[in-house]
Amino acid sequence: MLIINPSKSNPADIQPSEITPREAFEDRRSWLKAAGFTLLSGAVLHSKFAQAATVTGGETKGSGILVGRANQGNGLTYKPAVVSGGKINGYVKTTYGAGEKLTKYEDVTTYNNYYEFGTDKSDPAQNSSFFKPRPWSISIDGEVKKPKTINIDDLMRLAPLEERIYRHRCVEAWSMVVPWIGLPLSELIKWAEPTGNAKYIEFISANDPQTMPGARVPILDWPYVEGLRMDEAMNPLTLLAVGLYGEVLPNQNGAPVRLVVPWKYGFKGAKAIVKIRFQEKMPLTTWAKTGPSEYGFYANVNPNVDHPRWTQSSEKRIGAGLFAGRVKTLMFNGYSEQVGQLYAGMDLKKFF
Ligand SMILES: Nc1nc2c(c(=O)[nH]1)N[C@H]1C(S)=C(S)[C@@H](COP(=O)(O)O)O[C@H]1N2
Ligand SMILES: [Mo]
């Protein structure tokens, strides 16, 4: 964990010498555990972040194949992607890309937040092997013409799958660059046919204590619930991810399908979605319920609105090395051009 000198006016100027050595951080972790903090509340848990990763580097693994939109005679105007041996074949490489070095596959899949499997970063990878991501279906209800269900295979054929390289910024002030594979959420919304009353969309994660050891403990008020305003959900950047690095999503990353909203803090990205509900009113989301003064519904990445207990002006890039220093956090995580207008006239300090 990085300790920030409170006397520094610009935390981005932090010196490598100010970074707490790993041993000190480990000490703090044991102290927190001994003091019983890990069972106090989710809000406290969410702040025990950023175990310094020591591996550097990362390169692109797996390459997308451009598919045409030729009519295949099956009602589709494109060749759908297919899964074989855990690999996704036939996804489209798009122009979306952060132009940044990808975070190593190993870091993306072993440093996770997924409290249904435990609260340590290594828990989801270690504890999720009994979780069954297939068969899977998502039920859709609320403000829709009629309730519907879609299974994961049909969902993956709703639109051409695309690779999207996005920055991924957790509210705990660490970040990664991930090559997701998925389809725009807008494609599913069009298929779902919401009514004119739908102003918000709610995402509900799986809650299976049998296969999710963390869900047997009241760490959060299960199931995990997230939500978006309808225009945010329809934005072309908003992705329903079904894979990463050319493969189907590993269980720890939210298999078989999770949300990715790259201009918002990572907690907006509900994993293992089982239900989607269109609503007239703003849904009460898990983290907003757990810590309303710390985790708002909007949760837009904003370097000018600090978390009450830590700065949001900079972030630790996972895998960049212990002494790599911090990266400056960008407004809307660098996606202002694409999403800034969604919040025109809103006080982003109030609606955080
Ligand atoms: N169901 C569920 N979804 C979740 C979480 C969780 O605990 N449960 N954690 C969130 C948080 S805080 C983050 S930062 C991202 C982490 O995604 P990753 O592990 O794929 O990096 O998932 C989000 N989605
Ligand atoms: Mo997060």
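When a ligand or atom number is given, it counts from 1 through the structure's own listing order. For the single chain, residues carry numbers from 1 onward in sequence order.
Between Trp287 and ligand 1, not a single N/O pair is under 3.5 Å apart. The shortest N/O to N/O separation between Ser205 and ligand 1 falls below 3.5 Å. In terms of polar-atom proximity, defined here as any N/O pair under 3.5 Å, His168 does make such a contact with ligand 1. Annotation: Asn253 places an N or O atom under 3.5 Å from an N or O atom of ligand 1; distance criterion only.
In terms of heavy atoms, Thr211 sits closest to Phe117 at O-CE2, 3.3 Å.
Residue contact check: Gly269 has heavy atoms under 4.0 Å from atoms 4 (C), 22 (O), 23 (C), 24 (N) of ligand 1. Per-residue contacts place Asn112 under 4.0 angstrom from the following atoms of ligand 1 (heavy atoms of the residue considered): 18 (P), 19 (O), 20 (O). Every atom of ligand 1 with a heavy atom of Cys170 under 4.0 Å away is listed here by number and element: 14 (S). Heavy-atom proximity to Tyr115, at under 4.0 Å, picks out these atoms of ligand 1: 6 (C), 7 (O).
At a threshold of 4.0 Å, the pair Glu226-Lys264 does not count as salt-bridged, since none of the basic side-chain nitrogens sits closer than that to a carboxylate oxygen. Classification of Glu100 and Arg317 as a salt-bridged pair holds, one side-chain N sitting under 4.0 Å from a carboxylate O.
The ring pair (Phe, Tyr, Trp, His ring centres under 6.0 Å) check on Tyr200 picks up Phe297, with sequence neighbours excluded.
Side-chain N/O atoms of Asn112 and Lys121 include no donor and acceptor closer than 3.5 Å. Between Gln126 and Asp120, the side chains place no donor N or O within less than 3.5 Å of an acceptor N or O (distance only, hydrogens not considered).
Using a 4.0 Å cut-off between heavy atoms, Arg258 contacts ligand 1 through its side chain alone, with no backbone atom that close.
Residue contacts with ligand 1 leave out Glu172, since none of its heavy atoms falls under 4.0 Å from the ligand.
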